[in-house]
Peer 1: 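Dumping the structure here so I can ask a few things about it.
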Amino acid sequence: MNPSFGTYQLAEEHEALREAVRSLAEKEIKPYAAEVDENERFPVEAHNALVKAGFAAVHVPESYDGQGADSVATCIVIEEVARVCASSSLIPAVNKLGTMPILLSASEELKQLVMPSIASGEAMASYALSEREAGSDTASMRTRAVLDGNDWVLNGTKCWITNAGESTWYTVMAVTDPKAEKKSAGISAFVVHKDDPGFSVGPKERKLGIKGSPTREIYFENCTIPANRIIGEPGTGLKTALRTLDHTRPTIGAQAVGIAQGALEAAVAYVKDRKQFGKSISDFQGVQFMLADMAMKIEAARHMVYVAAAKAERGEANIGFITAAAKCFASDVAMEVTTDAVQLFGGAGYTRDFPVERMMRDAKITQIYEGTNQVQRVVMSRAVLKG
Ligand SMILES: Cc1cc2nc3c(=O)[nH]c(=O)nc-3n(C[C@H](O)[C@H](O)[C@H](O)COP(=O)(O)OP(=O)(O)OC[C@H]3O[C@@H](n4cnc5c(N)ncnc54)[C@H](O)[C@@H]3O)c2cc1C
């Protein structure tokens, strides 16, 4: 028998972590989730609780005073927070997204500048790739960075930046060589601090969901940063930005799994309680089969997310397929499951009196950001055709 047979399960530490985060999320995040959504405000209670418990950025390596949690553990933290409040789950998720380019490619000096402040919770990081005219087609970005003596000077606008205004550090991709034969080879990555001259943030976008997580444009008007704030060599920025996504698409998958799990649990409680035709609606096979499908899809998505996260952690080659598949599958599941959860609540599900309405709105973004699910299918089909 294969000696590894039987070891396909999460470590005890992972299950213990899940319990700890679930308990914190139930007590300190869930009670505020509806009001955070209603008032479209940053979930300060969740932020404080996550920082205090050391769950705001578990991925930061121990060498930068972090917890050094592996990628599956990071997914579990995000999943458990998303189970009660998707907006709050963007705190650990975007801290990883914003710092992954630094961890992957920055100089030791730059890592030392940024990472300990993220580990302590004193600062958060955002990731700035998208522009109004360069969404799926990232390489067509227009933000420019020019070396001027000992400084880089940035000009341009990034849009859709999650947690902008709350974050201290911004990982920003900008064109440094507009004449590069391949556009992607003319892009570099930089670290910008919120207090750098020429940096500012715009008003909050008015969104369908994840209303507690601010999404804003960020502006660079002759924004001047020291030369050593470049991440890696000039021209490697887009490569780093895309490698980052291999590590963070599983985290969006985890967020999607968490949202779906929260919706399933709410639906199960409701159908047991709600009576029609003289019995619980959970006694109807039509309802039971819906619950079975919801649970089945969530379980499949969860496993795919952990497998993708583990492969990224191990640095396996050709992980584009599995990380895209995990993000795409889990987010499609989240959309289906939350829609079915609203259905199982009947009219009540369509109101803000129950959390499934918010969960359905929150689920939608997981199909859009970090590459739309069409783009994930482009990535997957390329890998399939390549063989
Ligand atoms: C709430 C929110 C938070 C975000 N946070 C961040 C962030 O923190 N940092 C950041 O950099 N970005 C962020 N984004 C941006 C996000 O990643 C982009 O919105 C996304 O990549 C899609 O780009 P787009 O909006 O320009 O859509 P477009 O690229 O214009 O796409 C429009 C439609 O065309 C389809 N499409 C495009 N190209 C193809 C193709 N080749 N084949 C098939 N279909 C295609 C898309 O799937 C989509 O359905 C965020 C967006 C939102 C809404």
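Model, not experiment: these values are computed from the prediction. Order of appearance sets the numbers: ligands from 1, and atoms from 1 within every ligand.
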Peer 1: Can you check atom 32 (C) of ligand 1: any protein non-hydrogen atom closer than 4.0 Å?
Peer 2: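 Within 4.0 Å of atom 32 (C) of ligand 1, no protein heavy atoms are found.
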Peer 1: For Tyr127 and ligand 1, does the shortest N/O to N/O distance drop below 3.5 Å?
Peer 2: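 Looking only at distances, the answer is yes, because the N/O contact criterion of under 3.5 Å is met.
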Peer 1: Determine whether Glu15 and Arg18 make a side-chain contact, defined as any pair of heavy atoms from C-beta on separated by less than 4.5 Å.
Peer 2: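 With C-beta onward as the side chain, the pair touches.
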Peer 1: Measure from atom 39 (C) of ligand 1 to the protein's non-hydrogen atoms and state whether any distance is below 4.0 Å.
Peer 2: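 Flag for atom 39 (C) of ligand 1 set to false, no protein heavy atom closer than 4.0 Å.
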Peer 1: Answer whether the closest heavy-atom distance between the side chains of Trp152 and Arg229 falls below 4.5 Å.
Peer 2: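 No. Closest side-chain heavy atoms not under 4.5 Å.
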Peer 1: Identify, for atom 26 (O) of ligand 1, the protein heavy atom at the shortest distance, and state residue, atom and that distance.
Peer 2: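 Among all protein heavy atoms, the one nearest atom 26 (O) of ligand 1 is Gly135 CA, 3.1 Å.
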Peer 1: Do me a favour and list the nearest non-hydrogen protein atom to atom 17 (O) of ligand 1 with residue, atom name and distance?
Peer 2: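 Here the nearest protein heavy atom works out to Glu370 N, 3.6 Å.
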Peer 1: Does any N or O of ligand 1 fall below 3.5 Å from an N or O anywhere on Tyr369, backbone included?
Peer 2: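 No, Tyr369 has no N/O under 3.5 Å of an N/O on ligand 1.
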Peer 1: Which protein heavy atom lies closest to atom 49 (O) of ligand 1, and at what distance to 0.1 Å?
Peer 2: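 Residue, atom and distance for the closest contact: Gln374 OE1, 3.5 Å.
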Peer 1: Check for me whether the distance between the ring centres of Tyr219 and Phe199 falls short of 6.0 Å.
Peer 2: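 Tyr219 vs Phe199: aromatic centres not under 6.0 Å.
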Peer 1: Flag the pair Phe190 / Thr143 as yes when at least one side-chain heavy-atom distance between them is below 4.5 Å, and no otherwise.
Peer 2: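 No, every pair of side-chain atoms sits at 4.5 Å or beyond.
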Peer 1: Give me the nearest non-hydrogen protein atom to atom 37 (C) of ligand 1 as residue plus atom name, then the distance to 0.1 Å.
Peer 2: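 In this structure, atom 37 (C) of ligand 1 has Ser136 OG, 3.5 Å as its nearest protein heavy atom.
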Peer 1: Return each pair, listed once, that meets side-chain hydrogen bond (donor to acceptor under 3.5 Å, both in side chains) where at least one residue sits in residues 88-102; pairs must be two or more places apart or across chains.
Peer 2: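 Counting only pairs at least two positions apart or across chains, the side-chain hydrogen bond (donor to acceptor under 3.5 Å, both in side chains) contacts touching residues 88-102 are His59-Thr99, Ser89-Gln255.
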Peer 1: Heavy atoms only: which of Ile365, Ile252, Val375, Asn163 lies closest to atom 53 (C) of ligand 1?
Peer 2: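 Heavy atom nearest to atom 53 (C) of ligand 1 belongs to Ile365.
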Peer 1: Considering only protein heavy atoms, which is closest to atom 4 (C) of ligand 1, and at what distance to one decimal place?
Peer 2: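 Its nearest protein heavy-atom neighbour is Trp160 O, 3.0 Å.
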Peer 1: Flag Glu131 as yes when one of its N or O atoms lies below 3.5 Å from any N or O atom of ligand 1, and as no otherwise.
Peer 2: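 Min N/O separation from ligand 1 is not below 3.5 Å for Glu131.
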Peer 1: Do the charged groups of Glu26 and Arg22 touch, with an N to O distance under 4.0 Å?
Peer 2: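 No, Glu26 and Arg22 are not salt-bridged.
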Peer 1: In the protein, what heavy atom is nearest to atom 15 (C) of ligand 1, and what distance, to one decimal place, separates them?
Peer 2: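 It is Ser130 OG, 3.2 Å.
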Peer 1: Could I get the full list of salt bridge (charged side-chain N to carboxylate O under 4.0 Å, His left out) partners for Glu38, not counting sequence neighbours?
Peer 2: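 Counting only residues at least two positions away or on another chain, Glu38 forms a salt bridge (charged side-chain N to carboxylate O under 4.0 Å, His left out) with Arg352.
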Peer 1: Check this for me - ligand 1, Arg132, N or O atoms closer than 3.5 angstrom, yes or no?
Peer 2: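 Arg132 vs ligand 1: no N/O contact under 3.5 Å.
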Peer 1: Measure Thr215 to ligand 1 on non-hydrogen atoms and call it side chain, backbone, both or neither using the 4.0 Å cut-off.
Peer 2: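 The answer is the side chain.
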Peer 1: Going by atom types alone, do Ser331 and Asn373 pair a side-chain donor with an acceptor below 3.5 Å?
Peer 2: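 Yes - a donor-acceptor pair under 3.5 Å links their side chains.
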